[in-house]
Undergrad: 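Got a structure for you, written out below as structure tokens; questions coming shortly.
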Number of protein chains: 2
Amino acid sequence: MSFQSHNHRQCIKRGVQHATDQCEKAGLQLTPIRQRVLELLLTEHRALGAYDILEKLSEDGWKSQPPVAYRALDFLVQHGFAHKVERLNAFIACTTPETNHNPAFLICRICEAVAEIHPQLSRGALGRTAKDAGFVIEQAVVEAEGVCPNCR
Amino acid sequence: MSFQSHNHRQCIKRGVQHATDQCEKAGLQLTPIRQRVLELLLTEHRALGAYDILEKLSEDGWKSQPPVAYRALDFLVQHGFAHKVERLNAFIACTTPETNHNPAFLICRICEAVAEIHPQLSRGALGRTAKDAGFVIEQAVVEAEGVCPNCR
DNA sequence: ATTGGAATGTTATAATATATCACTATGAAC
DNA sequence: GTTCATAGTGATATATTATAACATTCCAAT
Ligand SMILES: [Zn+2]
Ligand SMILES: [Zn+2]
Ligand SMILES: [Zn+2]
Ligand SMILES: [Zn+2]
């Protein structure tokens with residue numbers, strides 16, 4: 001859980017390592033830009049906008065245009081290495097890329113920290129209601145805003 | 001439930017009537033523009049973007065600029081007469097404005113119909129997970145995408 | 001060597017949203 | 001009745017987020 005203090009260097013290392021391995025296995029190309037964007041996202045437990053990413057890339061010497069950031073982000077999201085937080089129009093590295101999952105997010109409105117969690121929604125009230133309505137859920141955006149334990 | 005066939009004229013009438021009453025009671029001004037925007041939203045069980053609204057307003061003779069639409073939408077959202085669907089960056093009239101609620105949405109990716117539902121999330125897995133993490137949820141965005149009964 | 005695909009570079013523009021200031025109406029305070 | 005404060009609207013400009021379209025590079029397979 002990203003709200004708790006933890007060995008954050010390991011978050012980054014683990015994230016990059018996992019992506020590297022997965023891409024190797026699946027024949028995907030974790031190109032320098034894609035890897036760098038993933039690292040940037042992993043650096044903070046906070047969602048970054050595409051233009052934040054662009055700015056940071058530019059500090060690295062990549063003077064890239066918007067499509068570059070969006071492409072890298074698309075790739076990462078597509079393959080489950082990152083997620084888009086719709087409420088923020090921003091992106092965050094996946095913190096549990098090992099497991100197939102339907103992530104939900106807890107967003108602190110004070111410090112902007114974002115934690116990825118995995119409640120079993122389909123079994124809960126949402127899934128039941130949808131089922132009753134004859135609606136087939138393919139994907140769910142679940143984003144809770146509030147105050148994290150550190151900001152209370 | 002907006003997926004089922006129903007007397008839709010009544011949806012519109014009820015929505016406007018409720019807003020009128022509420023505003024009367026609370027000393028709020030349901031101005032012509034605000035009422036018209038609400039009507040436009042009520043016309044379809046589909047989310048409309050601010051610029052869709054602007055276009056429709058313009059067909060009515062109001063040659064308005066973006067802030068006009070956003071202000072009216074802000075008002076409606078603020079007072080619970082409409083909701084923003086984050087996943088779509090668009091707005092939809094509330095279908096059950098009588099009750100205090102934390103709405104969730106079912107979004108059909110085929111016909112774009114949106115249904116507002118009210119699962120008891122706080123009692124479910126999400127609420128539990130948040131509580132365990134010491135996170136206080138103030139608001140939750142819950143938006144499921146999939147296929148509605150009519151499009152199956 | 002040629003071809004084809006995937007990734008990136010580059011330019012332009014679309015789509016969504018807000019800041020700011022000017023103007024108007026309304027109603028309360030004096 | 002005039003003054004004043006407030007809420008709403010009008011209007012201009014600009015910020016922020018996102019994509020379309022086409023050119024170029026690189027590498028591997030034929
Ligand atoms: Zn960490
Ligand atoms: Zn916090
Ligand atoms: Zn209806
Ligand atoms: Zn449908």
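It should be emphasised that the depicted structure is a prediction, and the values quoted were computed from it without experimental measurement. A note on names: the letters A, B, ... follow the listed sequences, proteins ahead of strands, and every chain is numbered from 1.
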Undergrad: Look at the side chain of N89(B) and decide which nucleotide, out of dA20(D), dC21(C), dT16(C), has an atom nearest to it.
TA: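 The answer is dT16(C).
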Undergrad: Quick one: is Y70(A) getting a side-chain N or O under 4.0 Å of the dT19(D) phosphate, OP1 or OP2?
TA: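 For dT19(D), OP1/OP2 do not have a side-chain N/O of Y70(A) under 4.0 Å.
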Undergrad: Between P on dT9(D) and CG on D74(B), what's the gap in Å once rounded to a whole number?
TA: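 Roughly 12 Å, once rounded to whole Å.
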Undergrad: Out of V77(A), L48(A), D52(A), which residue meets the side-chain contact (heavy atoms from CB on, under 4.5 Å) rule with F91(A)?
TA: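 When side-chain contact (heavy atoms from CB on, under 4.5 Å) is applied between F91(A) and each of V77(A), L48(A), D52(A), only V77(A) qualifies.
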Undergrad: Grab the CD-C1' distance between E55(B) and dA15(C) for me, whole Å please.
TA: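 Taking CD of E55(B) and C1' of dA15(C), I get 13 Å after rounding.
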Undergrad: Run the ring-ring contact (aromatic ring centres under 6.0 Å, His included) test on H45(B) and F3(B) for me, step by step, so that the C-alpha distance in whole Å, both residues' side-chain angles and the decisive distance to 0.1 Å come before the verdict.
TA: CA-CA 8 Å; H45(B) 291 292; F3(B) 294 142; 9.1 Å; no
Undergrad: R71(B) CZ to dA17(C) C1': how many Å, rounded?
TA: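 One finds 13 Å between C1' of dA17(C) and CZ of R71(B), rounded.
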Undergrad: Rounded to the Å, how far apart are L76(A) CG and dA7(C) P?
TA: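 Rounding to the nearest Å, CG of L76(A) and P of dA7(C) are 12 Å apart.
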Undergrad: From the list dG10(D), dA17(C), dT8(C), which nucleotide is the closest neighbour of the side chain of P66(B)?
TA: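 Side chain of P66(B) sits closest to dA17(C).
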Undergrad: In plain terms, say whether E143(B) and R87(B) are close enough for a salt bridge, that is, a side-chain N and a carboxylate O under 4.0 Å apart.
TA: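 Answer for the salt bridge query: no.
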Undergrad: For E145(B), is there an ion pair with R109(B) - N to carboxylate O distance below 4.0 angstrom?
TA: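 Answer for the salt bridge query: no.
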Undergrad: Expressed in angstrom and rounded to an integer, what is the separation of Q65(B) atom CD from dA17(C) atom P?
TA: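 So the CD-P distance, Q65(B) to dA17(C), works out to 16 Å.
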Undergrad: Would you say the side-chain atoms of T20(B) pair up with the backbone N or O of V16(B), donor to acceptor, closer than 3.5 Å?
TA: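 Flag set: sc T20(B) to bb V16(B) pair under 3.5 Å.
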Undergrad: Which listed nucleotide (dA20(D), dG10(D), dA17(C)) is nearest to the side chain of P67(A)?
TA: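 Nearest to the side-chain atoms of P67(A), counting from C-beta on, is dA20(D).
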Undergrad: Closer than 3.5 angstrom, by distance alone: can the side chain of N7(B) be matched with the main-chain N or O of R9(B) as a donor-acceptor pair?
TA: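 The answer is yes, because a donor-acceptor pair under 3.5 Å joins these two groups.
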Undergrad: Output the single nucleotide from dT11(C), dA18(D), dT20(C) whose closest atom is nearest the side chain of K84(A).
TA: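 Ranking dT11(C), dA18(D), dT20(C) by closest atom to the K84(A) side chain puts dA18(D) first.
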Undergrad: Check the distance between dT17(D)'s P and R87(A)'s CZ and give it to me in whole angstrom.
TA: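 It works out to 14 Å between those atoms.
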Undergrad: Find the distance K63(A):NZ to dG9(C):P and express it as a whole number of Å.
TA: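 Those two atoms, NZ and P, are 13 Å apart.
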Undergrad: Expected output is a numbered-order residue list: members of residues 16-54 of chain B with a heavy atom under 4.0 Å from any atom of DNA chain C. What is it?
TA: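 Heavy-atom contacts with DNA chain C come from Y51(B).
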Undergrad: For H8(B) and H6(B), indicate whether the former's side chain and the latter's backbone hold a donor-acceptor pair under 3.5 Å.
TA: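 Answer holds: no.
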Undergrad: From CG of L57(A) over to P of dT10(C), roughly how many Å is that when rounded to an integer?
TA: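 Taking atom P of dT10(C) as the reference, CG of L57(A) is at 14 Å.
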